Amino acid sequence: MSSTLLRTAPALRGALRAAGAGAIKPAAALASTSFVRGKATLPDLSYDYGALEPFISGKIMELHHKKHHQTYVTGLNSALDTIAEAESKGDHTKAATVAPLLNFHGGGHVNHSLFWENLAPASRDGGGEPSGSLKTAINDDFGSFDTFRKQMNTALAGIQGSGWAWLVKDKQTGTLGLVTRANQDPVAGPYTPLLGIDAWEHAYYLQYENRKAEYFEAIWNVVNWKTVAARFEKN
């Protein structure tokens, strides 16, 4: 396998593992020398498309989930099929050329699978502030929840083009931090992703147009802190 593919596979494998078994049905498992996998599928949402209104419109949610996320699922399966076929023929050059698609579509699938779990209707579990050990960790590492939220919004506003901002947990120290990723690059390596906010235009433009700062403020009303806390406790 080429050096490019060797670098891509472990990073995506780690991101798929961080997403959790419930996020990928079944998860794509990338072996060190070959790809052993089942088909990635579009995860169901635990709420209706219109359940996050007025903060995120039902039309955006439907397009985002059924169209955009499905494109990543389809692209991931196609890339893995192409790689498997190329490797079966010993065509490692062909397999390596697909590595960018594997990263883009695989990352898109992982990121969005986590994103849907990050959200909940404001009338149910969405909004407010975290509690328990997650709240303590945020206060310890950011000073306060308000400071954390302002820093997250600043990070989102600083993304040039498309990308994500993430609240992450350092696997070695257990401390929290913020990272940004361009396009659909997944969070991997030393960090576990806890909360991601999608800064791509398709996440907000139909409702907020060029006022993305309003979207960054509004989405806090539908953040599901229970799922964020569960990932914090588990990892």
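Computed from a predicted structure; not experimentally measured. For the single chain, residues carry numbers from 1 onward in sequence order.
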| message | Between Leu102 and Leu76, does the side-chain contact (heavy atoms from CB on, under 4.5 Å) criterion hold? Intermediate values first, please. | response | CA-CA 6 Å; Leu102 177 64; Leu76 172 59; 3.7 Å; yes
| remark: Closest non-hydrogen contact found for Thr41 with His109 is O-CE1, 3.3 Å
| message | Is it the case that the side chain of Glu87 and the backbone of Ala95 share a donor-acceptor pair, with hydrogens and angles ignored and the cut-off at 3.5 Å? | response | no
| request: Kindly assign one of parallel, tilted or perpendicular to the pair Trp225 and Phe145, based on the angle between their ring planes and the thresholds 30° and 60°. | output: perpendicular
| So, for Ala51 and Pro121, which heavy atoms are closest and what is the spacing to 0.1 Å? | O-CB, 3.4 Å
| said: Using a 6.0 Å cut-off, check whether atom NZ of Lys212 has over 12 heavy atoms from anything other than its own residue. | reply: yes
| request: Considering non-hydrogen atoms only, spot the tightest contact between Ala199 and Leu156 and give its length. | output: CB-CD2, 4.1 Å
| said: Looking only at side-chain N and O atoms, does Trp116 offer a donor or acceptor that is under 3.5 Å from a partner on His69? | reply: yes
| query | What heavy-atom pair brings Val187 and Val179 nearest, and what distance separates the two atoms? | reply | CG2-CG2, 4.3 Å
| query | Is the side chain of Lys59 donor-acceptor paired with the backbone N or O of Leu206 at a distance under 3.5 Å, no angle test? | reply | no
| message | So does Gly132 get a backbone contact from the side chain of Thr136, meaning a donor-acceptor N/O pair under 3.5 Å? | response | yes
| task | For side-chain contact (heavy atoms from CB on, under 4.5 Å), just list the numbers for Ile138 and Arg149, CA-CA rounded to whole Å, side-chain angles, deciding distance to a tenth of an Å, and then say yes or no. | result | CA-CA 10 Å; Ile138 288 176; Arg149 189 171 66 174; over 6 Å; no
| If you round to the nearest 0.5 Å, how far is CZ of Phe148 from CG of Asn139? | 11.0 Å
| Angle class for the Tyr72/Phe104 ring planes (parallel below 30°, perpendicular above 60°, tilted otherwise)? | perpendicular
| Are any non-hydrogen side-chain atoms of Leu134 and Lys226 less than 4.5 angstrom apart? | no
| field | NZ on Lys150 to CG on Asn153, rounded to 0.5 Å | value | 10.0 Å
| query | Where the side chain of Lys171 meets the backbone of Asn235, is there a donor-acceptor pair that is under 3.5 Å apart? | reply | no
| query | Quick check: does any side chain N or O of Ser78 sit under 3.5 Å from a backbone N or O of Gly75, one acting as donor and the other as acceptor? | reply | no
| query | Should His68 and Thr71 count as side-chain neighbours, where that means a heavy-atom distance under 4.5 Å? | reply | no
| query | About how many Å separate CD of Glu129 and CH2 of Trp220, when rounded to the nearest 0.5 Å? | reply | 10.5 Å
| query | Are any of the side-chain heavy atoms of Thr74 and Gln70 separated by less than 4.5 Å? | reply | yes
| remark: Here the gap from Glu62 atom CD to Lys67 atom NZ, rounded to the nearest 0.5 Å, amounts to 8.0 Å
| task | Could you check if a side-chain atom of Leu167 sits within less than 4.5 angstrom of a side-chain atom of Phe232, using non-hydrogen atoms only? | result | no
| Step-by-step side-chain contact (heavy atoms from CB on, under 4.5 Å) determination, Tyr47 to Asp125 | CA-CA 11 Å; Tyr47 41 83; Asp125 294 321; over 6 Å; no
| Validation row: Trp200, Gln184 side chains within 4.5 angstrom (heavy atoms) | yes
| If only atom types and distance count, is the side chain of Asp170 paired as donor or acceptor with the main-chain N or O of Gln172 below 3.5 Å? | yes
| said: Counting only heavy atoms from other residues, nucleotides and ligands, does the tally under 6.0 Å from CD of Glu233 exceed 12? | reply: yes
| Any Met152 side-chain heavy atom under 4.5 Å of Leu178 side chain | yes
| Min side-chain heavy-atom separation Asn103-Pro186 under 4.5 Å | yes
| Which atom of Ala165 lies closest to which atom of Ile159, heavy atoms considered | N-CD1, 4.0 Å
| query | What's the spacing between Leu101 CG and Ile83 CD1 if we round to 0.5 Å? | reply | 8.5 Å
| query | Does any non-hydrogen side-chain atom of Asn118 lie less than 4.5 Å from one of Arg231? | reply | yes
| message | Is it true that Asn224 and Glu117 share a donor-acceptor pair across their side chains at a distance under 3.5 Å? | response | no
| message | Using every non-hydrogen atom in the two residues, find where Tyr208 and Ala218 come nearest and quote the distance to one decimal. | response | OH-CB, 3.2 Å
| message | Return the CG to CD1 distance between Leu119 and Ile219, rounded to the nearest 0.5 Å. | response | 5.5 Å
| message | Is the ring pair His112/His64 parallel, tilted or perpendicular, if the boundaries are 30 and 60 degrees? | response | perpendicular
| query | What about Phe115 and Trp164, are their ring centers closer than 6.0 Å? | reply | yes
| Any donor-acceptor pair under 3.5 Å from Asp198 side chain to Ala203 backbone | no
| field | Asn111 versus Trp166, side-chain donor and acceptor atoms under 3.5 Å | value | no
